[in-house]
Every structure is written in structure tokens, then in C-alpha cells.
Amino acid sequence: WELLRRAALPTEQKAARAEHTAKLLLRRYGVVFRKLLEREGNLPPWRELLYIYRRLEARGEVRGGRFVQGFSGEQFALPEAVGTLRDTRKRSPLDEFIILSAADQLNLAGILTPGARVPALATNRVLFRDGVPVAALIAGEFEALQALGAEELWQMRERLLGKSPVAPAARKLAL
């Protein structure tokens, strides 16, 4: 992350900074489109980024097209991201869990995924299962972001709290 000065810059420096930002966003996300950048701050206007992405596409550095369903407008992707997206679509779910700070730029819960947004505060956390947000810890309170059974709710809560998600019945057997 970068702190940006708000000083007036010459036109050529503004253009260089905008191109650097456009490439940085591509490296961060792999695919860029307007809705994805909703949480980003201090960005050049979308029309400037669009001009840069079109120029990069004309040079063959990025690909333009429709890569993420459900979002209108132009989308641009790194060539390696297109292959990764195809592989991900074909792959069966791995039941893989990841916990992110809600302040992380990759927390796109409620922006790219259906459901409520999780406030971008460092104390809040989001639990993803196979890339889909399933639960969150907001202001110290557990909140399910999907319909879950009682056992799953308990397991997700334990994961978010950093405890071992071993079912109560299994813990009794271990004792």
C-alpha cells in the first residue's frame, strides 16, 4: 500500500502514476473491472484507467473481454489470470478455508459476492470457504454470511476465533 501526496503533479507525472496504478491493480487482482475497484481509494478516475487498459490491450500486454460473469462493462485480465480462471471453474471444491482481515483489499465480501458487506476494520475478520465468504467476526460478534447448519455454524465460529474446529461430540470421545 502506498501513501499518496495530494500535491499538484505535472501532466506527465500524473499519466505515469495512473499507468503504474493500473498495472498494480492488474497484478493485485489478475482481472480488473469497475465494480471490483469500489473499495479502492486514491485511484485515478475509471475513464483514465480504461484508456490505459485499452492501450495495454492494443500492445498485447493484457486481454480484454468478459472474464467474470455477472458484471457489466469492460474487463481486463493478465494472460496468466485467464488460464487460472478457467482452471478454477473446472476444479471441484476443495473445502479450503482462508481467514482475512476485513481491512484487507482482498475482502470483497458483499462487493463481488452476494450478501452483506463486512466493514473494513482491522478488528473484523471474514472466513472464506473455497473463495466464498461464509462467516464473519464483526465487532467481536459471529455472523453467518450463508445459511449453515448448527454444526457448520459452530465450526465456522471456532475457525474465526482461532480455535480447533473439533465437534463437541468428538471432544468428549477424546477425553
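To the nearest 0.5 Å, the span separating CD on Glu40 from CD on Gln105 amounts to 4.0 Å. Going from atom CD of Gln155 over to atom CG of Leu127 covers 10.5 Å, rounded to the nearest 0.5 Å. To the nearest 0.5 angstrom, Lys23 atom NZ is 11.0 Å from Leu78 atom CG. If you take CD1 on Ile52 and OG1 on Thr21, they are separated by 7.5 Å, rounding to the nearest 0.5 Å. Here the CZ-CD distance, from Phe142 to Glu158, works out to 9.5 Å after rounding to the nearest 0.5 Å. The line from OH of Tyr53 to CZ of Phe33 is 11.5 Å long, rounded to the nearest 0.5 Å.
Here the closest non-hydrogen pair linking Gly30 and Ala81 is O-CB, 3.5 Å. Taking both residues in full, the closest heavy atoms of Pro79 and Glu61 are given as CD-O, 3.6 Å, listed atom of the first, atom of the second, then distance. Summarising the geometry of Phe71 relative to Gln75, their closest heavy-atom pair is O-NE2, 3.2 Å, with the distance given to 0.1 Å. Taking both residues in full, the closest heavy atoms of Arg39 and Ala102 are given as NH2-O, 3.2 Å, listed atom of the first, atom of the second, then distance. For the pair Val62 and Phe76, the tightest heavy-atom approach, listed with the atom from each and the gap, is CG2-CD2, 4.4 Å. Closest approach of Val126 to Leu160, counting heavy atoms only: C-CD2, 4.1 Å.
Sorted by first and then second residue, the side chain to side chain donor-acceptor pair (under 3.5 Å) pairs with a member in residues 119-147 read Arg129-Glu152; sequence neighbours excluded. Counting only residues at least two apart or on different chains, the side chain to side chain donor-acceptor pair (under 3.5 Å) pairs with a member in residues 106-117 are Glu38-Arg117.
Cluster annotation: Leu106 and Leu43 are assigned to the same hydrophobic cluster (Ile/Leu/Val/Met/Phe/Trp/Tyr, side-chain heavy-atom contacts under 4.5 Å, transitive). Note on Val68: it clusters hydrophobically with Leu112, by side-chain heavy-atom contacts below 4.5 Å among ILVMFWY residues. No single ILVMFWY cluster, assembled from side-chain heavy atoms under 4.5 Å apart, contains both Tyr51 and Leu37. Hydrophobic clustering (ILVMFWY, side-chain heavy atoms < 4.5 Å, transitive): Ile99 and Val132 are in distinct clusters. Using a 4.5 Å cut-off between side-chain heavy atoms of Ile, Leu, Val, Met, Phe, Trp and Tyr, with links allowed through other members, Val31 and Leu36 fall into the same hydrophobic cluster.
Remark: Glu19 engages Arg55 in a salt bridge, criterion side-chain N to carboxylate O under 4.0 Å. Taking a cutoff of 4.0 Å between a charged side-chain nitrogen and a carboxylate oxygen, Arg91 and Glu96 do not qualify as a salt bridge.
For Phe97, the ring-ring contact (aromatic ring centres under 6.0 Å, His included) criterion is met by no residue, not counting sequence neighbours.
Surrounding CZ of Arg34 are at most 12 heavy atoms belonging to other residues, nucleotides or ligands under 6.0 Å away. Other residues, nucleotides and ligands contribute at most 12 non-hydrogen atoms within 6.0 Å of the CZ atom of Arg47.
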